[in-house]
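To keep things clear, I will list the structure first and then write my remarks on it.
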Amino acid sequence: MTTMEIKPGISKAVWHQKLLQYTIVRFLLALFIVGSVQFVSRKLMSQFLPGPDWMVFRNMAAMTLGLLSYAFYVRVIEKRKVTELAGFSAWKEWLLGLVLGAMLFVLVLGSLSLLGVFHIDGYNDPRLMLKYLPIFIVVAVMEELFFRAMIFRMMEESLGSVLALLISALAFGFAHASNPGATMFSSIAIALEAGIAFGAAYMLTRRLALCIAMHFSWNFTQGAVFSVAVSGQESKGWMQTHMTGSEWLSGGAFGAEASLLAVMLATLMGVVFLHLAWKRGQFRQGFWKKSPQVVAA
């Protein structure tokens, strides 16, 4: 999927260098490295640290190993700095993502409340929110690592931004198809509202900080704060709430993420990110529009 020219007088690249020119080969290699580390580490930790008391540690350790194995792939195979995993240097993006994710879901539920769909019945112990912190951190980091840093970023190198965004968004949406209460519409809703918004956030910054923070904040706000089902998974957080009315507004058993209102508002944010990315020149062309690359042995 990549055109190559060889300068006269330079020997041809060896076979493994030629293979690594193909996006699908690099993606499968990254998937093998990260997936293998995840599989082995989780198996070992489940054996030596079994039981619910160690669950948080197991998940956080697996997440850390996932990030390290991805960084290993990038440094060894792609031979570059892992700029997409920026930490403190991206503090503005972390903060912005936390604010945007929470603000967006509050806007969704506030609108549903005005429409008579969302209702607050009472309050639970606010400490219940703490148990969701490690869960939603791990979910946000690992899903963004896979769907944005691996699928989107690597597909974009060959297929360009538009096709890569479409592929990663659909993959993200239908990865939730087996969740409780999932429907065809809920999968499309996730693809539109989160797949596009998070992918566009990565395009805009070329780092994971913004999309991870938005992903975490969106999940934490709906599940830990408002006790709304997160992608079909029931939650019991700080507030006691319930939904009434049509499923196309409430989202039904899947939760507010399958609400048409949530789809419209979140997708609009994704469109704004895409516009900003376009203005910054962050859209990339597919391999068929690129000039031939000169590769030395």
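Just so you know, these numbers come straight off a predicted model, no measurement behind them. Scope of the values below: all heavy atoms of this structure, side chains included, with no hydrogens, waters or symmetry mates.
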Please step through side-chain contact (heavy atoms from CB on, under 4.5 Å) for the pair W94 and V99, ending with a clear verdict. CA-CA 9 Å; W94 291 111; V99 171; over 6 Å; no
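- In this structure, E144 contributes its side chain and L208 its backbone to no donor-acceptor pair below 3.5 Å.
- A 6.0 Å sphere centred on NZ of K131 holds more than 12 heavy atoms belonging to other residues, nucleotides or ligands.
- Between F226 and F105, the angle of the ring planes lies from 30° to 60°, which puts this pair in the tilted group.
- Put simply, the side chain of T183 gets close to the backbone of S186: a donor and an acceptor are under 3.5 Å apart.
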One pair to check against side chain to side chain donor-acceptor pair (under 3.5 Å): Y70 and E84. What are the steps and the verdict? CA-CA 11 Å; Y70 174 79; E84 59 268 38; 2.4 Å; yes
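- Here the closest heavy-atom approach between residue V228 and residue A256 is recorded as CG1-N, 3.8 Å.
- R58 places a side-chain N or O within donor-acceptor distance of the main-chain N or O of G51, the cut-off being under 3.5 Å.
- You'll find the side chain of R206 reaches within 4.5 Å of the side chain of Q282, heavy atoms only.
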One pair to check against ring-ring contact (aromatic ring centres under 6.0 Å, His included): F172 and F147. What are the steps and the verdict? CA-CA 7 Å; F172 186 63; F147 289 100; 5.0 Å; yes
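- Residues H119 and M243 form no side-chain contact, since every pair of their non-hydrogen atoms from C-beta on lies 4.5 Å or further apart.
- Using modelled atom types, no side-chain atom of S217 and backbone atom of A213 make a donor-acceptor pair closer than 3.5 Å.
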Candidate pair W278 and M203, rule side-chain contact (heavy atoms from CB on, under 4.5 Å), full reasoning: CA-CA 9 Å; W278 177 268; M203 284 179 61; over 6 Å; no
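- Considering only heavy atoms from C-beta on, L260 comes within 4.5 Å of F185 through its side chain.
- Using a 4.5 Å cut-off between side-chain heavy atoms of Ile, Leu, Val, Met, Phe, Trp and Tyr, F48 falls into a hydrophobic cluster with F39, V40, L44.
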Between L31 and F146, is the side-chain contact (heavy atoms from CB on, under 4.5 Å) condition met? List the steps. CA-CA 8 Å; L31 185 62; F146 180 68; 3.5 Å; yes
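- Within 6.0 Å of NE2 on H242 lie more than 12 heavy atoms contributed by other residues, nucleotides or ligands.
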Could you go through the side-chain contact (heavy atoms from CB on, under 4.5 Å) check for F27 and I151 one step at a time? CA-CA 7 Å; F27 173 72; I151 293 182; 3.8 Å; yes
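- Smallest separation of non-hydrogen atoms from V37 and S69: CG2-CB, 3.7 Å.
- More than 12 heavy atoms of other residues, nucleotides or ligands lie within 6.0 Å of CD in E78, so this atom counts as buried by the packing criterion.
- Nearest approach of F220 to M129, heavy atoms of both residues: CE1-O, 3.4 Å.
- Atom CZ of R80 is surrounded by more than 12 heavy atoms from other residues, nucleotides or ligands within 6.0 Å.
- What you find for A201 and L210 is that their closest heavy atoms are CB-CD2, 3.8 Å.
- For the pair I135 and N59, the minimum side-chain heavy-atom distance is 4.5 Å or more.
- Taking each heavy atom of L165 and G195 in turn, the nearest pair found is CD1-O, 4.0 Å.
- Distance alone, capped at 3.5 Å, places no donor-acceptor pair between the E93 side chain and the R207 backbone.
- In terms of heavy-atom proximity, V74 sits nearest to K81 at CG1-O, 4.2 Å.
- Judged purely by atom type and a 3.5 angstrom limit, T244 uses its side chain to pair as donor or acceptor with the backbone of G116.
- Classification of R26 and E157 as a salt-bridged pair holds, one side-chain N sitting under 4.0 Å from a carboxylate O.
- Below 30°, between 30° and 60°, or above 60°: for F57 and W54 the angle between ring planes is above 60°, a perpendicular geometry.
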